[in-house]
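Residue numbers run from 1 in the order of the sequence given.
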Amino acid sequence: MTAEAQDTTELLLSRIRDVPDYPKPGVLFKDITPLLADPEAFTALTDTLAGLCGAHGATKVVGLEARGFILAAPVAVRAGLGFIPVRKAGKLPGATLRQAYELEYGSAEIEVHAEDLAAGDRVMVIDDVLATGGTAEASIELIRRAGAEVAGVAVLMELGFLPGRARLEPALAGAPLTALITV
């Protein structure tokens, strides 16, 4: 890791607040709102993620609902790319592609507008946290079903004690997974 990358990591970490016992006792929640409120940290995060888009040849950026939107939209603008929201089922008007996925206790579905992705697109998936990997895996499936290619997945923070990376490895099919911070 370069000195500049180390400085960025330290800046980002210093702006993430630990909230004990939220949303339930025994959970240590990693709150990114102080990072978003700090223009220096938010700019550093945006620049780093936009750099990954360029390095991996992305032509579009997908943001996963909901905090992924907050990160991915400015990244797309900075990188000069289109932004595509991947939403919870039933939130997008018009023709959509839908993908179901399993959660720890149940299942969920996400959607993307069918016309927003096409063959030839190289898509960078951006989210705030990689935990169990279900939403990211489902988004990868949606991107491929639309005929596009996955340029990579980038997250601000990976919860290393959960199996998200291992779950995503087969779905990535060689595309890179970058976590700026692993806790």
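- The side-chain contact (heavy atoms from CB on, under 4.5 Å) test with Met157 is passed by exactly one of Leu12, Ile16, Asp128: Ile16.
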Query raised in the report: Yes or no on side-chain hydrogen bond (donor to acceptor under 3.5 Å, both in side chains) for Ser107 and Tyr101, after CA distance, side-chain angles and deciding distance?
Result: CA-CA 6 Å; Ser107 63; Tyr101 63 100; over 6 Å; no
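- Heavy atoms from other residues, nucleotides or ligands lying under 6.0 Å from CD of Glu4 number 12 at most.
- For the pair Val123 and Val150, the minimum side-chain heavy-atom distance is 4.5 Å or more.
- With salt bridges taken as basic N to acidic carboxylate O contacts below 4.0 Å, one links Lys30 and Asp18.
- Of the possible polar contacts, one joining the Ser14 side chain to the Leu11 backbone as a donor-acceptor pair under 3.5 Å is found.
- Sorted by first and then second residue, the salt bridge (Lys or Arg N to Asp or Glu O under 4.0 Å) pairs involving residues 68-77 (not counting sequence neighbours) form an empty list.
- Considering only heavy atoms from C-beta on, Leu28 stays 4.5 Å or farther from Val19 through its side chain.
- Under the salt bridge (Lys or Arg N to Asp or Glu O under 4.0 Å) criterion, the residue pairs touching residues 139-157 are Arg122-Glu149, with sequence neighbours excluded.
- Distance OG1/Thr178 to CE/Met124: 6.5 Å, rounded to 0.5 Å.
- Inter-residue side-chain proximity for His113 and Pro93 is flagged as met; some heavy-atom pair is nearer than 4.5 Å.
- Using a 4.5 Å heavy-atom threshold, the side chains of Leu172 and Val153 count as touching.
- Listed by first and then second residue, the side chain to side chain donor-acceptor pair (under 3.5 Å) pairs that reach into residues 80-97 are Glu65-Arg87, Thr96-Glu111, sequence neighbours excluded.
- Within the structure, the salt bridge (Lys or Arg N to Asp or Glu O under 4.0 Å) test picks out the following pairs touching residues 167-179 (sequence neighbours left out): Glu137-Arg167.
- When side chains are defined from C-beta on, Asp127 does not count as touching Leu156, because their heavy atoms never get closer than 4.5 Å.
- Counting only residues at least two apart or in different chains, salt bridge (Lys or Arg N to Asp or Glu O under 4.0 Å) contacts with residues 170-183 are absent.
- Listed by first and then second residue, the ring pair (Phe, Tyr, Trp, His ring centres under 6.0 Å) pairs involving residues 21-67 are Tyr22-Phe29 (not counting sequence neighbours).
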